[in-house]
Amino acid sequence: MADRALRGMQIGAKSLETEDGIVFADRQQRRYQCENGHVFAVTMAIDSEPPANWECRCGSPAEYLGEAEPEEEKPAKPQRTHWDMLLERRTEEELEVLLQEQLEVLRRGELRNGVAYRR
(Lines give C-alpha, C1' and ligand atoms only; values in the text may rest on other atoms or scores of the structure.)
Protein backbone atom coordinates (compact mmCIF):
# COMPACT_ATOMS: atom_id res chain seq x y z
CA MET A 1 0.00 0.00 0.00
CA ALA A 2 2.85 2.39 0.80
CA ASP A 3 4.19 2.08 -2.73
CA ARG A 4 0.93 3.52 -4.09
CA ALA A 5 0.77 6.56 -1.80
CA LEU A 6 1.41 10.01 -3.20
CA ARG A 7 4.60 11.56 -1.91
CA GLY A 8 4.10 14.59 0.28
CA MET A 9 0.40 13.96 0.88
CA GLN A 10 -1.19 13.35 4.25
CA ILE A 11 -4.38 11.46 4.78
CA GLY A 12 -7.23 13.96 4.71
CA ALA A 13 -4.87 16.91 4.35
CA LYS A 14 -6.13 18.52 1.18
CA SER A 15 -8.43 17.77 -1.68
CA LEU A 16 -6.95 17.49 -5.16
CA GLU A 17 -10.20 18.74 -6.68
CA THR A 18 -10.59 22.34 -7.78
CA GLU A 19 -13.62 24.61 -7.53
CA ASP A 20 -13.47 25.54 -11.23
CA GLY A 21 -16.88 25.49 -12.86
CA ILE A 22 -18.77 25.09 -9.58
CA VAL A 23 -21.57 27.56 -8.94
CA PHE A 24 -22.40 27.86 -5.27
CA ALA A 25 -25.97 28.41 -4.10
CA ASP A 26 -26.80 31.88 -2.84
CA ARG A 27 -26.54 31.96 0.96
CA GLN A 28 -27.42 34.20 3.85
CA GLN A 29 -26.94 34.21 7.61
CA ARG A 30 -29.89 33.37 9.90
CA ARG A 31 -29.57 34.50 13.53
CA TYR A 32 -30.60 32.46 16.56
CA GLN A 33 -30.52 33.15 20.32
CA CYS A 34 -30.59 30.58 23.10
CA GLU A 35 -32.01 30.99 26.63
CA ASN A 36 -28.46 31.53 27.96
CA GLY A 37 -28.10 34.66 25.83
CA HIS A 38 -25.82 33.23 23.14
CA VAL A 39 -26.49 34.82 19.74
CA PHE A 40 -25.10 32.98 16.72
CA ALA A 41 -25.63 32.81 12.98
CA VAL A 42 -26.18 29.78 10.77
CA THR A 43 -25.52 29.94 7.03
CA MET A 44 -28.42 28.65 4.92
CA ALA A 45 -29.54 28.82 1.33
CA ILE A 46 -31.58 31.91 0.52
CA ASP A 47 -34.57 29.92 -0.69
CA SER A 48 -34.62 27.63 2.38
CA GLU A 49 -37.15 27.94 5.18
CA PRO A 50 -35.28 28.50 8.48
CA PRO A 51 -36.37 26.24 11.34
CA ALA A 52 -37.97 27.93 14.35
CA ASN A 53 -35.47 26.30 16.74
CA TRP A 54 -31.79 25.40 16.45
CA GLU A 55 -29.50 23.79 19.00
CA CYS A 56 -26.93 26.18 20.49
CA ARG A 57 -23.32 25.13 21.11
CA CYS A 58 -24.13 25.05 24.84
CA GLY A 59 -26.84 22.43 24.18
CA SER A 60 -29.93 24.52 24.90
CA PRO A 61 -32.52 25.27 22.21
CA ALA A 62 -32.24 28.59 20.40
CA GLU A 63 -35.05 30.59 18.80
CA TYR A 64 -34.96 32.14 15.34
CA LEU A 65 -34.40 35.93 15.44
CA GLY A 66 -34.33 36.74 11.76
CA GLU A 67 -31.83 37.40 9.03
CA ALA A 68 -28.44 38.76 10.01
CA GLU A 69 -27.40 42.05 8.46
CA PRO A 70 -24.61 41.59 5.93
CA GLU A 71 -21.24 42.78 7.20
CA GLU A 72 -19.63 45.78 5.57
CA GLU A 73 -16.92 44.70 3.19
CA LYS A 74 -13.55 46.29 3.75
CA PRO A 75 -12.14 48.07 0.73
CA ALA A 76 -9.60 45.81 -0.94
CA LYS A 77 -6.00 46.93 -0.80
CA PRO A 78 -4.40 47.30 -4.19
CA GLN A 79 -1.81 44.61 -4.79
CA ARG A 80 1.76 45.80 -4.31
CA THR A 81 3.89 45.15 -7.34
CA HIS A 82 7.62 44.57 -7.45
CA TRP A 83 8.02 48.11 -8.76
CA ASP A 84 6.08 49.53 -5.78
CA MET A 85 8.31 47.69 -3.32
CA LEU A 86 11.41 48.81 -5.19
CA LEU A 87 10.31 52.44 -5.01
CA GLU A 88 9.92 52.09 -1.24
CA ARG A 89 13.66 51.45 -1.00
CA ARG A 90 15.11 53.69 -3.75
CA THR A 91 14.19 56.75 -5.74
CA GLU A 92 13.94 56.69 -9.52
CA GLU A 93 17.14 58.77 -9.73
CA GLU A 94 19.03 56.15 -7.69
CA LEU A 95 17.65 53.41 -9.90
CA GLU A 96 18.75 55.28 -13.02
CA VAL A 97 22.32 55.51 -11.63
CA LEU A 98 22.32 51.77 -10.85
CA LEU A 99 21.07 50.98 -14.34
CA GLN A 100 23.80 53.03 -15.95
CA GLU A 101 26.45 51.35 -13.78
CA GLN A 102 25.23 47.89 -14.71
CA LEU A 103 25.06 48.78 -18.41
CA GLU A 104 28.70 49.91 -18.27
CA VAL A 105 29.73 46.62 -16.63
CA LEU A 106 27.79 44.73 -19.32
CA ARG A 107 29.42 46.70 -22.13
CA ARG A 108 32.89 46.00 -20.70
CA GLY A 109 32.03 42.26 -20.70
CA GLU A 110 32.60 41.84 -16.98
CA LEU A 111 29.28 40.16 -16.16
CA ARG A 112 29.67 36.50 -15.13
CA ASN A 113 27.35 33.98 -13.50
CA GLY A 114 27.61 33.89 -9.72
CA VAL A 115 29.64 37.10 -9.46
CA ALA A 116 28.40 40.18 -7.64
CA TYR A 117 28.18 42.98 -10.21
CA ARG A 118 28.16 46.01 -8.00
CA ARG A 119 31.36 46.86 -6.17
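Each residue takes its place number in the sequence, starting with 1.
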Original post:
How many angstroms lie between atom OG1 of Thr81 and atom CG of Leu87, to the nearest 0.5 angstrom?
Top reply: 8.0 Å
Listed pairs under 3.5 Å, donor-acceptor, residues 91-98 side chains, sequence neighbours left out:
{"unit_1": "Thr91", "atom_1": "OG1", "unit_2": "Glu93", "atom_2": "OE1", "d": "3.4"}
{"unit_1": "Thr91", "atom_1": "OG1", "unit_2": "Glu94", "atom_2": "N", "d": "3.2"}
{"unit_1": "Glu94", "atom_1": "OE1", "unit_2": "Thr91", "atom_2": "N", "d": "2.9"}
{"unit_1": "Glu96", "atom_1": "OE2", "unit_2": "Gln100", "atom_2": "NE2", "d": "2.9"}

Return all side-chain donor-acceptor pairs below 3.5 angstrom for residues 37-60, not counting sequence neighbours, or 'none' if the list is empty.
{"unit_1": "Thr43", "atom_1": "OG1", "unit_2": "Gln29", "atom_2": "NE2", "d": "2.6"}
{"unit_1": "Ser48", "atom_1": "OG", "unit_2": "Ala45", "atom_2": "O", "d": "2.7"}

Original post:
Just wondering, do Arg80 and Glu88 contact through their side chains at under 4.5 Å, heavy atoms?
Top reply: yes
Subject >> Interatomic spacing from CD in Gln28 to CZ in Arg30 - rounded to 0.5 Å >> reply: 4.0 Å
